[in-house]
Structures are given as structure tokens and as C-alpha cells.
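Ligands are counted one by one from 1 in listed order, and the atoms in each one are counted from 1 as well.
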Amino acid sequence: MVSSERLASSSRPPQVATKQYGVTKPISMAGPTGADIQRSLELEKFLTDAGVYESKEEADKREEVLRRLGEIVKDWVKRVTRIRGYSDQMVEDANAVIFTFGSFRLGVHVPGADIDTLCIGPSYVNREEDFFFILHDFLADMDEVTELQPVPDAHVPVMKFKFEGISIDLLYASVSQLVVAEDLDISDMSLLYNVDEQTVHSLNGCRVADQILKLVPNVEHFRTTLICLKFWAKRRGVYSNVTGFLGGVNWALLVAQVCQLYPNAVPSMLVTQFFRLYTQWHWPNPVMLCEIEEDELGFSVWDPRGRTHHMPIITPAYPCVNSSYNVSASTLRVMMEQFQYGNKICEDIDLNKSRWTTLFVPYLFFESYRNYLQVDIVAANVNDLRAWKGWVESRLRQLTLMIEQDTFGKLQCHPYPHEYVDTTKQCAHCAFFVGLQRKQGEIVQEGQQFDIRGTIDEFRQCINMYTFRKPGMKIQVSHVQRRQIPSYVFPDGYG
Ligand SMILES: Nc1ncnc2c1ncn2[C@@H]1O[C@H](COP(=O)(O)OP(=O)(O)OP(=O)(O)O)[C@@H](O)[C@H]1O
Ligand SMILES: [Mg+2]
């Protein structure tokens with residue numbers, strides 16, 4: 001049975017931000033009914049059985065890896081201090097601290113997820129040489145470290161590696177202090193004075209995570225709901241920042257907004273309200289968790305170029321940016337379809353006509369379209385493939401945009417954020433797929449076909465301009481029909 005209070009509240013339209021840089025206000029709502037609590041317990045059981053929570057051993061290992069990383073950066077900073085010729089006292093006092101951010105900091109990481117870390121060091125230890133050369137070489141010599149990959153020219157420069165098999169993203173920020181205190185307060189705005197833009201960006205992840213945890217009314221409910229929605233998004237093929245869907249921070253902000261609106265709700269209600277709210281949200285109205293002064297915005301939501309911000313989800317710490325700038329009209333369309341699916345199932349669950357398992361049924365991408373593009377990527381070895389694949393994956397959004405533009409929006413693309421590997425190939429290989437469909441409602445003339453060969457050639461040329469291209473790095477883009485999808489895509493059979 002559904003309580004009358006519940007029906008009354010759920011039939012109310014969600015409030016949507018109308019004021020510039022304003023936030024949505026809490027919708028007062030009665031607390032959970034017995035049925036809501038029961039549904040929440042069932043949801044948690046489902047998530048536990050699905051394996052989204054890591055074991056005690058895995059959690060301990062992560063803590064140990066973080067402790068080791070903390071020691072390594074301290075040793076490194078002391079070494080640099082000595083090389084720079086500072087006094088023995090300075091060498092003794094020299095310090096660096098590690099902060100975590102991302103899903104680990106929020107307490108919503110799944111087994112095998114990366115740990116996003118930020119190292120804060122003193123003013124005289126720089127990123128260009130000290131971090132990307134001295135610390136890099138230090139790490140390269142360690143047996144525990146594998147797959148070390150420096151990315152110094154990224155928007156947020158990062159060193160990626162595995163430490164005893166755990167993926168680490170390590171950022172570096174040098175602050176205007178000679179000695180970094182062990183209990184440094186990352187929310188202190190004065191840390192942002194006199195530092196370069198990359199440092200501001202590097203500090204931002206930690207400040208955003210802390211803000212989110214401060215702004216949600218009930219952290220445990222927020223965590224369960226976010227774990228649930230991230231798992232759902234992966235099952236439904238809409239979890240991926242790089243492909244133009246949403247990544248960890250975007251899902252966190254969307255869920256945090258729902259938690260703010262329904263402060264008394266338990267996770268099952270929050271999941272239901274999530275789908276209700278975002279199926280009705282008037283994009284591109286921005287989602288934002290707190291009031292933001294105009295000068296805190298790192299971009300303009302209303303700027304005429306802002307039309308490219310299809311689904312603005314604004315981070316809550318200076319400089320507040322749209323965290324989902326990769327979303328395009330086509331990926332927004334795909335996500336809205338998925339939100340509608342989620343909304344329908346949750347309504348049925350509320351009426352006891354469906355169960356949680358149905359919500360998480362994997363999306364059948366290869367049954368959803370008749371035509372696809374297959375993007376095959378090969379390289380001489382797995383290391384080359386990792387870098388090459390990353391580059392191609394980051395350009396798939398461009399392919400989608402180019403096709404939709406060149407066909408005046410009549411051909412719609414759905415880039416799928418999963419890679420498939422043909423293990424029978426001699427060289428290292430992976431493939432991505434893009435679903436193709438005519439825009440619905442388009443009047444089709446007999447025999448009308450789209451010729452996108454020119455667009456694909458242009459895309460391939462752009463891909464081949466990769467700065468770090470090596471012999472053996474190749475890409476092939478082919479049009480395939482559903483029945484031509486290669487069998488390695490279905491390792492368990494065609495279902
Ligand atoms: N588009 C973005 N805009 C702003 N911050 C971002 C963006 N992408 C990543 N970040 C920052 O980097 C952090 C780590 O990114 P990551 O993609 O690992 O997300 P995550 O929340 O850790 O999820 P996952 O469980 O997938 O690792 C984010 O939490 C956020 O602070
Ligand atoms: Mg992460």
C-alpha cells in the first residue's frame with residue numbers, strides 16, 4: 001500500500017531553479033512510511049548482493065596504500081629540500097600531505113575503483129620538474145608501482161599509476177607556504193592566493209567533495225542513494241564523463257540535490273524522487289547545491305556560447321564550473337530516455353508492481369538499433385593501446401557531434417561507453433560502437449540514405465593527428481548492421 005501522504009507529495013511537481021544562480025529549496029516532506037523503510041532495506045540487500053561494497057580486506061589494503069603514499073611524498077619533499085640546499089632544520093621540517101577526493105573521499109567507491117589523491121607540497125617544490133620528474137622517477141623505481149603514466153599537459157595535470165594493483169590518480173598542488181602543516185585545512189580560501197590556475201583546479205576536487213558532504217542533510221542516505229544510482233547508470237550505459245554522459249562527480253551532485261530537496265527521505269524514496277525530478281527538469285536550467293556569487297562562477301551559464309551547456313551541473317566550490325560540459329544534445333536525449341525508464345520502474349515499485357532487480361536490468365544496446373558504427377582501434381602492444389584508446393575514446397563525442405551536424409540533426413548517434421576486445425587478433429585491439437537512428441518524426445523519402453563517408457574521413461584525419469602517435473596505432477570506422485555485430489561482443493552468446 002502507498003500512503004496518502006506519499007501520493008500527495010509525489011504528485012507535486014518538482015521545483016526547478018528559475019532565479020539566476022539560485023538553488024532549489026527543500027520540499028518539506030513527511031518522513032518514511034513502514035513500506036518505504038522496507039523498500040530501502042530491500043534496495044540495500046540488492047546492492048550488497050550485487051557486490052558494490054568492498055570487503056574489509058580490500059578496505060584495509062586501500063588504507064595501507066594511502067599510508068605508504070603519504071610516506072613516499074614526505075620522503076620526496078625532504079629529498080627535494082636537500083637538493084635545493086636548504087638547511088638541515090628545513091629538511092627536517094619539510095612536509096607534504098595527501099588528501100583524497102572523488103568517490104573514495106565520498107565513501108561511495110566500488111571494489112576496484114581508483115583512488116583520487118592530491119599531494120600538497122611547499123611553495124618551492126614545483127610540479128613541472130619536481131613532481132613530474134623527480135617523484136616520477138622515484139615511483140618508477142618502486143616494485144609496487146606499475147603502469148606509471150604521467151599526464152602533465154592535461155587540464156588538471158595528473159600522474160596515473162597502480163600501487164600494489166590499486167589504481168591511483170595523483171595530483172599535485174604547491175601552496176604558498178614554506179612548511180605544509182600536517183593538519184592543513186583544505187577549505188581555507190587563503191590557499192588559493194598566489195597560485196596558478198592548475199593548482200586551483202587540482203585543489204578543487206577535494207574542496208568539492210568536502211562541500212558535497214557538508215551540504216547534504218544525511219550523509220549515509222546520500223551514500224546509499226549515490227552508490228545505487230552509479231550502479232544503475234553503469235548497467236544502463238550512461239556512466240562515462242569522457243563519452244558525454246555523466247561521471248562520478250556529476251552523479252554525486254545530482255543525488256546531493258535530491259537529498260537536499262527531501263531531507264527526511266530514506267534511500268528508496270530518494271531513488272524514486274531522483275527519477276521524478278530529473279525526468280521533469282527543464283534543462284539547461286542548472287543544478288546547483290548552494291547560492292553562487294557571479295564572481296565565483298568559473299564560466300557563464302547564460303553566455304551565448306552557453307548553449308553548448310546542455311545539462312549544467314555546477315560544482316559547489318570556487319571556481320564553480322559546469323562539471324558536465326561534455327554532455328551533448330544526443331547524450332542528453334539518451335539519458336532522458338533512461339531517466340524515463342527509471343521513473344516508470346520506480347513508480348511500479350512504489351505500487352508493488354515491480355522489483356528493484358528490474359530497475360537494474362542491463363540496457364540492451366545491441367538490440368536497440370538497426371545500424372551501428374564500429375570503431376576498431378589497434379596498436380602494437382597493450383601499453384600503446386592504452387594511450388591510443390584513451391585518445392580515440394575522448395574524441396568519440398566529436399564524431400557524434402560531426403555526424404549530427406553534417407546530417408542537420410536527421411541522423412542521431414548514441415555513443416556507447418563500453419569497449420569490446422577481439423582476443424583473436426595478433427595486435428592489441430579494442431572496439432567502440434555508436435548506435436545510429438533517424439531522428440524520430442522525420443519524414444523519410446523512399447531510398448533516402450545518409451552518406452557520412454566524408455564526415456568519417458574527417459574524423460579519422462583528426463584522430464591520426466595524435467601527438468604521441470606510434471607505428472602500429474591504427475583506427476578503422478565501419479558501418480555495420482545489427483546482424484553483423486562481431487561475436488566477441490557477446491561472449492555469453494547472443495542471449
Ligand atoms: N568534469 C569534471 N568537473 C569537475 N570536476 C571533475 C570532473 N571530472 C572529474 N572531476 C574531479 O575529479 C574527481 C575524480 O573523478 P572520477 O572520474 O574518478 O570520479 P569519481 O567521483 O571518483 O568516480 P569513480 O567512482 O568513477 O572513480 C571528481 O570527484 C571531481 O572532483
Ligand atoms: Mg575516482
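- Among Tyr372, Phe432, Phe490, the single residue meeting the ring pair (Phe, Tyr, Trp, His ring centres under 6.0 Å) criterion with Phe365 is Tyr372.
- Given atom 11 (C) of ligand 1, the protein heavy atom at minimum distance is Phe101 CE1, 4.3 Å.
- Ligand 1 places these atoms under 4.0 Å from at least one heavy atom of Tyr325: 1 (N).
- For Tyr325 and His309, the ring centers sit 6.0 Å or farther from each other.
- Between Asn322 and ligand 1, no N or O atom pair is found at a separation short of 3.5 Å.
- One option in His109, Lys234, Lys230, Arg105 has a heavy atom closer to atom 23 (O) of ligand 1 than any other, and that option is Lys230.
- Of all protein heavy atoms, the one closest to atom 17 (O) of ligand 1 is Gly248 N, 4.6 Å.
- Ring centroids of Tyr172 and Phe132 are separated by 6.0 Å or more, keeping the two rings apart.
- The distance from the Mg ion (ligand 2) to the nearest N/O/S atom of Asp169 is not under 2.8 Å.
- Heavy atoms of Phe104 found under 4.0 angstrom from ligand 1: none, in either backbone or side chain.
- When ring centroids are compared, Trp232 and Phe275 come within the 6.0 Å threshold.
- Annotation for Tyr318 and Arg207: closest pair O-NH2, 3.9 Å, computed over non-hydrogen atoms.
- Ring pair Tyr363/Tyr341: centre-to-centre distance not below 6.0 Å.
- Any N or O atom pair closer than 3.5 Å counts here, and Asp114 shares at least one such pair with ligand 1.
- Aromatic ring centroids of Trp76 and Phe138 lie 6.0 Å or more apart.
- Proximity of Val110 to ligand 1, defined as any heavy-atom pair under 4.0 Å, is not found for any part of the residue.
- Of all protein heavy atoms, the one lying nearest to atom 29 (O) of ligand 1 is Gly102 CA, 3.2 Å.
- In terms of protein heavy-atom proximity, atom 20 (P) of ligand 1 is closest to Ser103 N, 3.5 Å.
- Proximity of Asp116 to ligand 1, defined as any heavy-atom pair under 4.0 Å, is confined to the side chain (atoms from C-beta onward).
- Using a 4.0 angstrom heavy-atom cutoff, Trp251 does not count as in contact with ligand 1.
- A distance of 6.0 Å or more separates the ring centres of Tyr369 and Tyr416.
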* To do: Step by step, work out the side chain to side chain contact (heavy atoms under 4.5 Å, CB included) result for Val156 and Val151.
  => CA-CA 9 Å; Val156 184; Val151 195; over 6 Å; no

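- Looking only at protein heavy atoms, the nearest one to atom 4 (C) of ligand 1 is Ser323 CB, 4.0 Å.
- Taking the Mg ion (ligand 2) as reference, Asp114 places its N/O/S atom OD1 nearest.
- A distance of 6.0 Å or more separates the ring centres of Tyr239 and Phe231.
- For atom 31 (O) of ligand 1, the nearest protein heavy atom (residue, atom name, distance) is Gly205 CA, 3.4 Å.
- Ring planes of Tyr278 and Trp281: tilted class, angle from 30 to 60°.
- Looking at atom 24 (P) of ligand 1, its nearest protein heavy atom turns out to be Tyr239 OH, 3.4 Å.
- The minimum distance between the Mg ion (ligand 2) and any N, O or S atom of Asp116 involves atom OD2.
- Scanning the protein heavy atoms around atom 5 (N) of ligand 1, the nearest turns out to be Val249 CG1, 4.1 Å.
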